[in-house]
Amino acid sequence: IFQKNDGGYTATVPALPGCISEGTNLEEATANIKEAIELYLEDLAADHEAIPVDTNFISGVVDVHSPSLVHA
């Protein structure tokens with residue numbers, strides 16, 4: 001998550017290409033990226049695609065809940 005020039009925040013997930021979200025503050029950006037991750041993983045599961053693994057980059061841990069992955 002990084003702060004933009006206008007004061008808002010942008011969050012990206014390098015291991016999930018195209019998984020990007022924004023927020024007006026850090027808390028909103030964090031909540032929005034969690035939702036974006038959940039939706040991204042649900043889409044992968046729906047398409048029977050593997051979750052990408054990126055062992056070269058770790059910046060933090062985010063808890064997400066995706067029931068469809070448990071039953072995939």
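Along the sequence shown, residues carry numbers from 1.
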Just do the side chain to side chain contact (heavy atoms under 4.5 Å, CB included) check on Cys19 and Thr12 with the steps written out, would you?
CA-CA 6 Å; Cys19 190; Thr12 63; over 6 Å; no
Side chain to side chain contact (heavy atoms under 4.5 Å, CB included) between Thr10 and Ile20: does it pass, once the steps are laid out?
CA-CA 7 Å; Thr10 298; Ile20 301 169; 4.0 Å; yes
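Side-chain atoms of Asn32 never come within 3.5 Å of backbone atoms of Ser21 as a donor-acceptor pair (strictly under, hydrogens ignored).
With rounding to the nearest 0.5 Å, the separation of OG1 in Thr30 from CG in Asn25 is 8.5 Å. Here Ile1 contributes atom CD1 and Glu27 contributes atom CD; the two are 9.5 Å apart, rounded to the nearest 0.5 Å. From Glu38, atom CD reaches atom CD1 of Ile33 across 11.0 Å, with rounding to the nearest 0.5 Å.
Residues meeting the side-chain hydrogen bond (donor to acceptor under 3.5 Å, both in side chains) test with Glu28, sequence neighbours left out: Thr24. With sequence neighbours excluded, the residues forming a side chain to side chain contact (heavy atoms under 4.5 Å, CB included) with Gln3 are Tyr9, listed by chain and number.
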Atom pairs and distances, donor-acceptor, side-chain atoms in residues 44-51, under 3.5 Å, two or more places apart:
none

